[in-house]
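A short worksheet on the structure shown next.
Protein chains get the first letters and strands the later ones, always in sequence-line order, with residue 1 at the start of each.
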2 protein chains.
Amino acid sequence: MASEVNADLARERGRATFDPENLTCLLYGGSSAVKRRRYLQNLVKEDPVLKGRKRWAFQNREERVETAMWKSMYLDKRTKDLGITSSREKEYFREAAAAHEGHPMGLHLGMIIPTIKNQATEEQQKKWLPMAESLRMIATYAQTELGHGTFIRGLETTATYDPRTEEFIMDTPTLTATKYWPGALGKTVNHCIVMAQLYTQGRNCGIHMFLVQIRDMDTHIPLPGVEVGDIGPKFGFEEMDNGFLRLNKVRIPRENMLMKYSKVQKDGTYIKPPSEKLAYGSMVLLRCSITGSVASCLAQACVISIRYSAVRRQTEVSPGGEEAQIIDYQTQQYKLFPLLGTSFAMLFAGEFISNFYTTKYPEIAAGNFEFLPQLHAMSAGLKAFGAWTCSEGVETCRLCCGGHGYSHASGLPKIYLDCTPACTYEGENMVLMLQVARFLMKEYTKMMKGDSLSSLAEFLRSDLSKRSCMTEDVALRCLVMGYNHRAARLVSDAASNIQKLIGKGKSQLEAWNSSTVRLFWAARAFCHAFVVENFVKTVTEGNLDDQTRTVMTSLCKLYAVHGIITNLGEFIQDGFFSSTQVQILQNKLMSLLADIRPNAVTLVDAFDYPDSVLQSCIGRYDGQVYQALYDYAKESPLNEKEVLDSYYKYIKPAQTSSKDVRLSRL
Amino acid sequence: MASEVNADLARERGRATFDPENLTCLLYGGSSAVKRRRYLQNLVKEDPVLKGRKRWAFQNREERVETAMWKSMYLDKRTKDLGITSSREKEYFREAAAAHEGHPMGLHLGMIIPTIKNQATEEQQKKWLPMAESLRMIATYAQTELGHGTFIRGLETTATYDPRTEEFIMDTPTLTATKYWPGALGKTVNHCIVMAQLYTQGRNCGIHMFLVQIRDMDTHIPLPGVEVGDIGPKFGFEEMDNGFLRLNKVRIPRENMLMKYSKVQKDGTYIKPPSEKLAYGSMVLLRCSITGSVASCLAQACVISIRYSAVRRQTEVSPGGEEAQIIDYQTQQYKLFPLLGTSFAMLFAGEFISNFYTTKYPEIAAGNFEFLPQLHAMSAGLKAFGAWTCSEGVETCRLCCGGHGYSHASGLPKIYLDCTPACTYEGENMVLMLQVARFLMKEYTKMMKGDSLSSLAEFLRSDLSKRSCMTEDVALRCLVMGYNHRAARLVSDAASNIQKLIGKGKSQLEAWNSSTVRLFWAARAFCHAFVVENFVKTVTEGNLDDQTRTVMTSLCKLYAVHGIITNLGEFIQDGFFSSTQVQILQNKLMSLLADIRPNAVTLVDAFDYPDSVLQSCIGRYDGQVYQALYDYAKESPLNEKEVLDSYYKYIKPAQTSSKDVRLSRL
């Protein structure tokens, strides 16, 4: 394939007003981190073992499962051999080799080992960690059941202590208690950390964790009483053997309950954990990482769709003239450029929440719970807001690429399939949003009482009678004020709605349940405001040269202005913006699209995703889109035979005698 | 599996306030049509040849391609044997056997044969129709090229007339001229109707149709000069062999140009068609059918997600109490019930546009073009508005089913993959929306000149200074007035924006291009208003008993009120609704959700989709969701082997010696 860069793309890069390297460094933590990232990506690219394999899109499920297992083991070994220890660097390495592909060892390495470290006693750790680290024991986390998801207290699996034998009897008492969905459970693991209702001395002590061996260590055959398997094909994650598990009175030693905090003594006496809050640490960490990863999904989709929009030409602008680059259409800009802004906004928000976790979690683990409510609310909110925004955004990017977006050749469907489940896993989005709302209502009540507020809730003090300061120059501070006003007003609206219903005789609970849509609106507005303010902070305070800051300021304004226009009702329902101010914002939206236009390609270049990560015929750095699509088609497995068997079986006989269609069965 | 109906679902049906049969009859054209539909669906269900086949979700691409071919031939033969001739009945029959599955013979039967009838001379028809009907000739429609989609004039494939041999030389002059995407082109067809630039006597006469044989009639091997194949896997439509085609100076007889309207005489003289407008008939027909089919995708998704929401229980409402049906959560109602309204709204709109086509097209074909602009605009607008709304709606339904929505067991991903490409094919949605805008601008200009308007544009005469008549009872006519006001205002805004830019010295073309986002807003508002008004008409004038009309009136109001709240800015930017009226509408939204709640399950039952069409473990009529999911998992092809090869290849060796990961290649 020609390595020459498509002329349109080359021209786009030539006319950028800033150097993308500066922005790349801001995104990845400085120039030496960027260098290191590229070095790792290049190692993968040049790795002879990884080269020349069958494309992901051309593999069937069985092949994907096998490839994923192979890659999982190989990449794990390579990272160890290379001495890569930072989790971020491991991610870069893995992404370069298997972007958006499931990782059958991922849960074992990323969640089980940390859980043993956090939730098992020292004695247990001494026994289990060497087994887990050598992969003798490979485990997954079995929480979700066929009939039970986000509401953990509803789980039905039981662990009943038998003091005579000093064992727990693990049982699946009903169909709906069947464990369902855990990753790598179906075929890969030989152990599970099972979440189950603990019963001892005749009473229920709530949900606890138990390490249960499910397969023979030598033959990998399920143990007696264990029924386990794959749950079948899904929308995506085809390479993962998400599994089901039924335990028929399977006995495990008392020592297999993870007993760092809660304990069951030999005689069956239950000892409570010092705090319930300590159990949530690893879930919060996971949620914090989701914001950044859905943001990078959207960023990649923007790279693909914006580069393609610069290469693709469609419809002559004036009769008989040259066809225009589709990126020159205002409607295309209107769909893509705000998403480009969203990518940065969510990447910066992901960075914020990760840092927040890293700095605050040690205090929390040490028993200082001051920051826990904020960490919990913000990680929940940014996960939910990010997963919704980014997965919808990825689909919009795909639809902006016309027919070719629908082909796996574009790489876009693969990104969507990886991104959209983030709306559901690690806490269903709507449930999380209502947890954010609960935090906001508590803070609102504090404010009404005159108590001090969490720093993240200071916006509630906005004077709701104030009108917007917005003028023709559309200042960043007026945008931030607008978002904070909207959020504060919606929180106050939801609170008064609850009060009104209570006034009408409803219970607190009923009033809450009849206000959840309004609470959702409030929580969404809060998250949106936070993301805007954090974007503004990063752009104004981040380490950027002047040219880059100018471009990023425009993009930040576009993100904020577009968000106002898209949710206009919530901003103007109380007259916060005047009709003239709305017109100013609408005109600004159009002029910002034009401002971003010359730098759009260079802005996506700044994300610095190599072709090996994008895996896209239409998003290639060199813009050789059509040659790549043609090559992709030629490789299609369906083309291995010139004439398919179905021709001989069904078409030929029908042609010979249309009365005698032979009916053979698949 | 237990055939007993889940108790929650049974209770839902017991408390409905109306009989769904009445509504089913309204949807499908009366009780005898409903009977016939059920009869046909039942024939498929009981067909021994179709029974007990491997699930669609468990087939790999090669199996799907083969199954689709087999089903295509079998169903075609069965419909013939059964004497089914109505296209609607053929659809019911096919849907019951292969819902949301590609139909490799579909284009040949549904598009090529009609095109020959409409665009070929009588002599050509005499020769080709028997070949096409006996399937000796199987053809597809080759329009889209690698570098060219919606803009037909940009196609590069050439047909150059050679008067010496009286042949056309068909050629693919560039890489981007490669035909790409036509359905069934890759492996199935032996002929194509190729859209190409006609050159004769040294000049370009524009795009015309040519019948080109591409494969040998006996061996099915591509003919010399023909390069053809499958384009590879896509997001969906896996069973279809969408193809690519390159023609290297392939000669075809002069008689193979479709010459009913345009002609090339033996000496090369080109004869123009009497009207350019006649070529668009079949595309308009196809567009008209899309609105109804995306609406039925959404309706099916609503059936699945609403039934599942009635069966699924999650989170105790009060501490220690029973877990609630998730359909009782206001946030779940807020997501699903407006989509239920949308399903009806779009089904009725699809019915309207099909009837409009059927009644007006004969006049158009006879040369009376009076209704063509309206037919063109409305079919384009409803296709685009419907495809966007319904495909987003299907995804929302899927996300409302939590984790299980992500499994192919839910049936929801299959529906989405079938629905979303409708945003792109038969005219890219945004391009169509701007065609709608062009119609609106023409009508607006007529109005300003005092000329009479098309009936569909009468709303433009709304007095924009009037405020809404909305009161506490939220009358249907005030809702309709609101939508018409918004549409008229946005049309007028877009027009003044264009005028303003022209006033600043821009050309008409530049002014248009800088206003396309506003034009899109106007076109969207117009389509939305039409759909609301048509919904209101159907509910008030349709043949419904009182109980059903009451329920449907609530649903219609919900659709309209939700649309206002979701797009609030566009309705209140000019002060059309007062702040009090907005509060009335917000409260009404919540109370309508509660009103619909008791009838939600019965409303989706009224769509009357049998389980064989839904193919959903979680949307079954009997609500035996968990048993079906468990059975689905057990059947997963990955469970055929208890221990996968990848265990022996990768896990076992790693466990034995973590330093020696054997690396075999797929």
Mind checking whether [X] and [Y] have side chains closer than 4.5 Å, heavy atoms only?
{"X": "B:Lys649", "Y": "A:Met73", "answer": "no"}
{"X": "A:Tyr406", "Y": "B:Tyr425", "answer": "no"}
{"X": "B:Tyr650", "Y": "A:Glu66", "answer": "yes"}
{"X": "A:Arg398", "Y": "B:Thr420", "answer": "yes"}
{"X": "B:Gln330", "Y": "A:Arg518", "answer": "no"}
{"X": "B:Gln655", "Y": "A:Asn190", "answer": "yes"}
{"X": "A:Gln586", "Y": "B:Val517", "answer": "no"}
{"X": "B:Ser410", "Y": "A:Phe235", "answer": "no"}

Give, as side chain, backbone, both or neither, the part of [X] having an atom under 4.5 angstrom from any heavy atom of chain A.
{"X": "B:Tyr626", "result": "both"}
{"X": "B:Arg153", "result": "side chain"}
{"X": "B:Leu638", "result": "both"}
{"X": "B:Thr188", "result": "both"}
{"X": "B:Glu428", "result": "side chain"}
{"X": "B:Asn429", "result": "neither"}
{"X": "B:Glu227", "result": "side chain"}
{"X": "B:Tyr416", "result": "side chain"}
{"X": "B:Ile138", "result": "side chain"}
{"X": "B:Leu175", "result": "side chain"}
{"X": "B:Asn587", "result": "both"}
{"X": "B:Glu642", "result": "both"}

On a heavy-atom basis, which atom in A:Gly232 and which in B:Tyr632 lie closest, and how many Å separate them?
CA-CE2, 4.1 Å
When rounded to the nearest 0.5 angstrom, what distance separates [atom1] in [X] from [atom2] in [Y]?
{"X": "B:Thr178", "Y": "A:Leu629", "atom1": "OG1", "atom2": "CG", "value": "10.0 Å"}
{"X": "B:Met69", "Y": "A:Asp645", "atom1": "CE", "atom2": "CG", "value": "12.0 Å"}
{"X": "A:Leu399", "Y": "B:Ser391", "atom1": "CG", "atom2": "OG", "value": "7.0 Å"}
{"X": "B:Thr315", "Y": "A:His148", "atom1": "OG1", "atom2": "NE2", "value": "11.0 Å"}

Based on non-hydrogen pairs under 4.5 Å, which of [options] is most in contact with chain B?
{"options": "A:Leu135, A:Leu417, A:Thr516", "result": "A:Thr516"}
{"options": "A:Ser579, A:Pro421, A:Gly405, A:Gly243", "result": "A:Pro421"}
{"options": "A:Phe571, A:Tyr180, A:Phe520, A:Tyr329", "result": "A:Tyr180"}
{"options": "A:Gly575, A:Gly402, A:Gly147, A:Ser646", "result": "A:Gly147"}
{"options": "A:Gly403, A:Gly229, A:Pro233", "result": "A:Pro233"}
{"options": "A:Arg313, A:Glu635, A:Lys634", "result": "A:Lys634"}

Just give me the residue among [options] that pairs up with chain A most often, heavy atom to heavy atom, under 4.5 Å.
{"options": "B:Leu593, B:Ile572, B:Val582", "result": "B:Ile572"}
{"options": "B:Met137, B:Arg215, B:Met105", "result": "B:Arg215"}
{"options": "B:Cys400, B:Ala409, B:Ala68, B:Gly149", "result": "B:Gly149"}
{"options": "B:Asn60, B:Thr424, B:Leu146, B:Leu568", "result": "B:Leu146"}
{"options": "B:Gly154, B:Ser514, B:Gly186, B:Cys423", "result": "B:Ser514"}
{"options": "B:Lys335, B:Lys414, B:Gln333", "result": "B:Lys335"}

Chain B contact via [X] - side chain, backbone, both or neither, heavy atoms under 4.5 Å:
{"X": "A:Leu412", "result": "neither"}
{"X": "A:Met217", "result": "backbone"}
{"X": "A:Leu519", "result": "neither"}
{"X": "A:Ile651", "result": "both"}
{"X": "A:Asp76", "result": "neither"}

Is there a donor-acceptor contact under 3.5 Å from the side chain of [X] to the main chain of [Y]?
{"X": "B:Asp230", "Y": "A:Asn639", "result": "no"}
{"X": "A:Lys187", "Y": "B:Lys641", "result": "yes"}
{"X": "A:Lys652", "Y": "B:Thr219", "result": "no"}
{"X": "A:Lys234", "Y": "B:His404", "result": "no"}

Given side-chain contact (heavy atoms from CB on, under 4.5 Å), test B:Met590 with A:Asn497 step by step and report yes or no.
CA-CA 12 Å; B:Met590 308 308 166; A:Asn497 199 64; over 6 Å; no
Please lay out, stage by stage, how A:Glu395 and B:Glu395 fare under the test side-chain contact (heavy atoms from CB on, under 4.5 Å).
CA-CA 11 Å; A:Glu395 266 302 77; B:Glu395 266 302 77; 5.7 Å; no
B:Phe244 meets the ring-ring contact (aromatic ring centres under 6.0 Å, His included) criterion, sequence neighbours left out, with A:Tyr630
Suppose we screen for ring-ring contact (aromatic ring centres under 6.0 Å, His included). Which residues come up paired with A:Phe577, at least two apart in sequence or across chains?
none
Could you check, using the six-membered ring where one of them is a Trp, whether A:His220 and B:Tyr648 have ring centers closer than 6.0 angstrom?
no
Step through the shown structure and confirm whether more than 12 heavy atoms of other residues, nucleotides or ligands are within 6.0 Å of CZ on A:Arg55.
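Yes - once you tally the heavy atoms of other residues, nucleotides and ligands closer than 6.0 Å, there are more than 12.
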